[in-house]
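So the structure is just underneath, and the comments pick up after that.
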Amino acid sequence: MKDTNKGSHLAQNQRAAKRKQKRSGPEPEEQDTALEEAEVISPYKETYEWIRCLVLALIVCVLLFVFVARVIDVVGYSMVPTLDDGDKIIITRLAGDYEQGDIVVLRKETLREEPIVKRVIAVEGQTVDIDFTLGIVYVDGVALDEPYVNELTYTQEDFEGPITVPEGCVFVMGDNRNNSTDSRDARVGCVDTRYIMGKVVFRIMPLSKMGAIYGTDG
């Protein structure tokens with residue numbers, strides 16, 4: 001009986017020692033090794049997180065510029081006094097249908113490869129006529145009130161009116177009427193709206209003129 005009790009006590013002591021070892025955690029040498037491995041892994045994980053954030057930010061920027069808005073440089077003086085050469089403007093594709101008075105950026109490769117900035121004078125179904133003697137533009141027989149122009153419209157170019165704007169197109173002109181190549185020129189003509197890159201909504205440069213493009217006269 002004594003030997004049996006002694007063996008039982010020994011087994012209990014061994015089990016208690018194992019439980020104590022589990023509670024006390026790994027030996028100091030094992031802890032140091034685990035910390036060193038964590039220190040090695042941590043910088044790589046941090047770098048990965050930075051790269052992932054940068055990639056996501058880049059994707060968001062690309063989507064914004066392709067589908068929402070983008071920055072365009074104004075080239076030339078055809079939109080003076082509203083916009084000047086070198087101005088930086090923001091355009092958006094989410095402006096809905098284009099309306100009379102909207103300032104738009106479009107591509108017309110029959111004129112030049114670079115985007116051009118013009119004002120919508122008439123939309124599909126409307127009829128445009130111009131009295132080049134008086135410098136007055138008529139849309140559907142009504143004279144336009146155009147306080148935004150640099151001067152009245154005296155330059156005819158190729159225009160032989162009246163012209164009814166075809167479906168899916170707009171008739172555009174520059175605000176600097178006698179120094180603008182626009183829908184009066186056969187190389188531009190009535191512009192298919194699929195060539196419009198977007199509507200101008202804001203000027204960001206120069207800083208002295210930063211702000212919305214459209215005022216009470218726009």
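We use all heavy atoms of the structure for the numbers below, so side chains are in, but hydrogens, waters and symmetry mates are not.
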Side chain to side chain, E124 and C169, heavy atoms closer than 4.5 Å
no
Using the side chain to side chain contact (heavy atoms under 4.5 Å, CB included) rule, take Y98 and I196 through it: C-alpha gap first, then chi angles, then the decisive distance, then the call.
CA-CA 10 Å; Y98 300 107; I196 296 179; 3.3 Å; yes
In terms of hydrophobic clusters joined by side-chain contacts under 4.5 Å, are V149 and F132 together?
yes
Between Y148 and I130, is there a shared hydrophobic cluster once you connect ILVMFWY residues whose side-chain heavy atoms come closer than 4.5 Å?
yes
Tell me whether Y195 shares a hydrophobic cluster with I116, the cluster being built from Ile, Leu, Val, Met, Phe, Trp, Tyr side chains joined at under 4.5 Å.
yes
Just grab all the salt bridge (charged side-chain N to carboxylate O under 4.0 Å, His left out) pairs involving residues 164-178, residues at least two apart or on different chains.
R119-D175, E146-R177
From F202 atom CZ to I213 atom CD1, the distance as rounded to the nearest 0.5 Å
8.5 Å
With the side chain counted from C-beta on, respond yes when L152 and Y154 share a heavy-atom pair under 4.5 Å apart, and no when they do not.
yes
Tell me if a side-chain donor or acceptor on D158 pairs with a main-chain N or O of A186 at a distance below 3.5 Å.
yes
Determine whether V105 and I89 satisfy the following criterion, side chain to side chain contact (heavy atoms under 4.5 Å, CB included), listing intermediate values before the conclusion.
CA-CA 10 Å; V105 176; I89 53 179; 4.1 Å; yes
List the steps, then state whether side chain to side chain contact (heavy atoms under 4.5 Å, CB included) holds for M197 with R70.
CA-CA 9 Å; M197 300 168 60; R70 62 184 298 183; 3.4 Å; yes
One pair to check against side chain to side chain contact (heavy atoms under 4.5 Å, CB included): C190 and V170. What are the steps and the verdict?
CA-CA 6 Å; C190 292; V170 292; over 6 Å; no
Salt bridge (Lys or Arg N to Asp or Glu O under 4.0 Å) with K209: which residues, sequence neighbours excluded?
none
All N/O donor-acceptor pairs, side-chain side in residues 133-144, below 3.5 Å, sequence neighbours left out:
unit_1: D140; atom_1: OD1; unit_2: T127; atom_2: N; d: 2.9

With side chains defined as the heavy atoms from C-beta onward, is the minimum distance between V80 and L83 less than 4.5 Å?
no
How many angstroms lie between CG in D102 and CG in D97, if you round to the nearest 0.5 Å?
10.0 Å
Heavy-atom distance under 4.5 Å between the side chains of V75 and E114, does that happen here?
no
Looking at residues at least two apart in the chain, or sitting in another chain, which of them share a salt bridge (Lys or Arg N to Asp or Glu O under 4.0 Å) with E99?
none
Is the closest side-chain heavy-atom distance between N179 and E151 below 4.5 Å?
yes
Indicate if Y77 and M79 have the same hydrophobic cluster label, given that clusters are the connected sets of ILVMFWY residues with side-chain heavy-atom separations under 4.5 angstrom.
no
Pairing residues for D129 by the salt bridge (Lys or Arg N to Asp or Glu O under 4.0 Å) criterion, not counting sequence neighbours:
none
Quick one: does N150's side chain have a donor or acceptor within less than 3.5 Å of a partner on N176's backbone?
no
Is there a side-chain contact between I90 and I204 (heavy atoms, below 4.5 Å)?
yes
CD1 (I121) and CZ (F171) are apart, to the nearest 0.5 Å, by 7.5 Å
Counterpart residues, side-chain contact (heavy atoms from CB on, under 4.5 Å), relative to S180 (two or more places apart):
S78, K118, D182, R184
Check whether any side-chain heavy atom of Q126 lies under 4.5 Å from a side-chain heavy atom of Q100, and answer yes or no.
yes
